Amino acid sequence: MSKITMTVNGKAASGDVEGRTLLSSFLREDLFLTGTHIGCDTSQCGACVVHVNGVAVKSCTMLAAEADGAEISTIEGQAAPDGTLNTIQQAFQDHHGLQCGFCTPGMVMSAAALLKENPKPTEAEVRHYLEGNICRCTGYHNIVKAILAASGQEIPAIAAE
Amino acid sequence: MPKDGGIGASSKRREDIRFLTGTGKYTDDINIRGQAYVHFLRSDVAHAKINGIDTSAAAAMPGVVQIFTGADFEAVGGIPCGWEITDRHGKAMQEPKHPVLAHGKVRHVGDPIAAVVAESLEQARDAAEAIELDLEELPAVVNMKAALVEGATKVHDDLDNNLCYDWGFVEENKGAVDAAIKGAAHVTTLELVNNRLVANPMEPRVAVGEYDRADGQHTLHTTSQNPHVIRLLMGAFVLGIPEHKLRVVAPDVGGGFGTKIFHYAEEAFCTFAAKAVNRPVKWTSSRSEAFMSDAHGRDHVTKIELALDKDNNFVAVRTETLANMGAYLSTFASSVPTWLHGTLMAGNYKTPNVYVNVKAVFTNTVPVDAYRGAGRPEATYQLERVIDMAARELGVDPIALRRQNYITEFPYATPVAVEYDTGDYNATMDKLEEIADIKGFAARRKESEARGMMRGLGINNYIEACGIAPSNLVGQLGARAGLYDAATVRVNATGSISVMVGAHSHGQGHETAFPQVVAEMLGIDESMIDIVHGDTSKIPFGMGTYGSRSLAVCGSAMVRATEKIINKAKKIAAHLMEASEADIELKDGNFSVAGTDKSVAWGDVTLAAYVPHNYPLEDIEPGLEETAFYDPANFTYPAGAYACEVEVDPDTGKVTIARFAAADDFGNVINPMIVSGQVHGGIAQGIGQALLESCVYDEDGQLLSASYMDYTMPRADDLPFYSVDHSCQTPCTHNPLGVKGCGEAGAIGSPPSVINAVIDALNSGGHDVKHIDMPATPAKVWAAMQS
Ligand code: FES
Ligand code: FES
């Protein structure tokens, strides 16, 4: 067991972890931040995406101990303290970009990282960037649409419905 | 003008707020003080005799609470099958026992042999590795044809053979169908495979069992589409726990697609073990475990013949199908290739003679059961592929051939025992031609060809039987349960409403759409109404969500209960205004007396019901709460027309979906935004089946596609934007909302159009390819081009 400390959504957090504890487990089980989801065991679904020092990371691929001292942000830290959704979250609701909600935290965190890197992505760029995030419910149509809308761009006519 | 509330409005989903802020509560988010963790030791071979299990070393490992094996479950029942099929000879299907933990033999990779309960998951896993197994490997049966050969290894030693049943439908019509095919001007024959799929909801299954010694109460938290069904099956058939001592909770569930309908061994285990170790017991499936323990879908091998007369009228359809059941019968496994498949073989067409034969087969593979569409995608795929092939053989336009054979008069009794209540297949095809811009295809093909690509257009129709199901009818067909649903409308003193529904929402947006209906009926704001679902202790009863039934069946129960509320509220209003009940009108949440300016508000009436100071207690009970059960009179029949355009790269065989359009008739629509979303998701799964997904076993029964490294899930860049339309609406004639259901259409309607398009593209490039089995991977397409 080793002691780790980090900043999570702007607040100091610490805990004792085994060497093998994943960041995803630490967030879910020690910090009770259950918005970060586990959808696979081969680092492919992206349900667990968080930001570590501002970079999108699949938290199931990182040991909690590696995140010692890091600045982490998770889905729980995205809305304003009064509950107002951020632009991406709001676009997901407005455009029905989620159904069961299981992939959603990872999608929102990935979308945030994309728009930071590339504020006006094309449809193809959005689709390509989401390669590491699997959604089984939406067929991606409304996710792509929500991300384009969050970037302030016109939505193609075919995606209107 | 789009409405901003009530029926027909694209109300934004209220459940989104918790899902977007990480505050949803899924089963794996539940952690109960003192809980222990279970890890299942699963078979890594497909078929073996268990000669011994030595748990002594494992039991001494740190943190181990208790280790269970099949012997611990000898006194309890097996996992039941909910549907008994009678075969063509009047014989009941062969039904093997399905133990909670394997007993005597393991029958598929993933079959649970032992379960370790420990203080932590890591300790449970470590200990499971220390269990000594003495397994004597047996030959595995994987291929269905081989499984049926006389003398083949038996999956279940106590059964006669590996044939679960040999079903003929309608058996009495067989002679007429054979004769019609013999005398036909043209017969098109197609042999095809409907590939085995894994449903893969993004949330893996989880079960948390609890037992309270104080009152003997069991609680199971589980990732289920139908908590009452689990309570019934597990309580009555497996563990012998009466309903009042068993609570099943399915909180937020991260997708189901059918695979979370079924009662699974892990649920029974956690419930049983919680009492045995006197602690809550939690199991969370890993994704790899899900691949070998969630029921799979599809896996049919079919030969279909379509006979036409000299004028291209369909005169007969005859099919022979082998349907894989896997190693055990999962909850609804037996009904999928039979009643959910054979009854749809007339499709949208007035073919007078139809005969369906299905042989269901046991193999050493994971059990197969319903996956989005369940039986209906298999029916649609064969029929719409063979029609396309016939059109190509006869040199006629595939749309015209379909139109010529459409059923145009309703109600219509098919030769396969169902009666379509309404529909307008020409209207959906007209709509499809418009939104898919079929006229513009030739120009788009030219443009693709200029870039060196082959372009194809595929279209198809589909019809499905949804709103499952009329209990009387399914009872005759072998269902061991009723398939009605229930709702309680509880109006509170201040006028707010909780509606307890038996349907379960795991992505479908019930929490938003159901209140739209009640709000419309009462004329009050949607925000005053909440839906309660997913907990047997809070809801009167319910059969859950599958078969596109939530709104058609449970929504109808909710309408009936709301009607009772309105009736009673009118009585109270009549008393408050000293008027005759017959004169009371309800509009915009106000009760008024016809022809006067007297009125009382919704809140005045609800308050009077709970504070009955001036109240006719001799005539009306206080309170305002009503329950209704609703059993549908018939199935509903959503139908539509789909079009897919693909580009095929001649150098690699890679297929790209260039355009996709869907024109559906779902009857009336409550929330168009949610309905479109359901279609989008279904289409993605259908395209996944057609191009990417396949669950593969080797000949020894090893599961080769057991993770996302090997099983290709559709990703955002595999798919285009879809053009979907549901403005063609022929309302269902027998339910109060006129709704038909929309959850499965996309997955049912899309695979044939994709393959039809691939075949069209290849033929346009001069390749005489008649058929490619799904998934049409680059390797398969390329190979087809070379032959
Ligand atoms: S859980 Fe991290 S990628 Fe799937
Ligand atoms: S919304 Fe269910 S997996 Fe994406």
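As the structure is a computational prediction, the values presented were derived from the model and not from experiment. Scope of the values below: all heavy atoms of this structure, side chains included, with no hydrogens, waters or symmetry mates. Every chain is numbered from 1, with letters handed out A, B, ... down the list of sequences.
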Here's one to test your reading of the geometry: is the NZ or CZ of Arg127(A) within 45 degrees of the ring axis of Phe721(B) and under 6.0 Å from its centre? yes
Side chain / backbone / both / neither for Val679(B) at chain A, heavy atoms under 4.5 Å: neither
Side chain from CB out, backbone as N, CA, C, O: work out which of these in Ala79(A) comes under 4.5 Å of a heavy atom of chain B, or both, or neither. side chain
When the 4.5 angstrom heavy-atom criterion is applied to Asn86(A) and chain B, the contacting part is neither
Heavy-atom proximity to chain A below 4.5 Å, by part of Met709(B): both
For the pair Tyr26(B) and His37(A), name the ring-plane relationship: parallel under 30°, tilted 30 to 60°, perpendicular over 60°. perpendicular
Bottom line for Leu719(B): the part with an atom under 4.5 Å from chain A's heavy atoms is both
Run the side-chain contact (heavy atoms from CB on, under 4.5 Å) check on Cys137(A) and Phe257(B) step by step: do they pass? CA-CA 9 Å; Cys137(A) 296; Phe257(B) 314 114; 3.7 Å; yes
What part of Ile674(B) lies closer than 4.5 angstrom to a heavy atom of chain A: side chain, backbone, both or neither? both
Can you tell which part of Ile143(A) gets under 4.5 Å to a heavy atom of chain B, answering side chain, backbone, both or neither? neither
Carboxylate-amine/guanidinium proximity below 4.0 Å for Glu29(A) and Lys282(B): no
If one checks every heavy atom of Thr23(B) against chain A at 4.5 Å, the contacting part turns out to be neither
How about Lys11(A): does its NZ atom have over 12 heavy atoms from other parts shown lying under 6.0 Å from it? no
From CG (Asp16(B)) to NE2 (His96(A)), nearest 0.5 Å: 7.5 Å
Heavy-atom distances under 4.5 Å only: say whether Thr138(A) touches chain B with side chain, backbone, both or neither. backbone
Side chain, backbone, both or neither: which part of Glu122(B) has a heavy atom under 4.5 Å from chain A? both
Quick one: what part of Gln93(A) sits under 4.5 Å from any heavy atom of chain B, side chain, backbone, both or neither? both
So which part of Ala199(B) gets closer than 4.5 Å to some heavy atom of chain A, the side chain, the backbone, both or neither? backbone
Non-hydrogen atoms of chain A under 4.5 Å away: do they reach the side chain of Asp28(B), the backbone, both or neither? both
Residue part contacting chain A, namely of Glu15(B), when any heavy atom lies under 4.5 Å: neither
Heavy-atom check, side chain of Arg715(B) versus side chain of Gln44(A), under 4.5 Å: yes
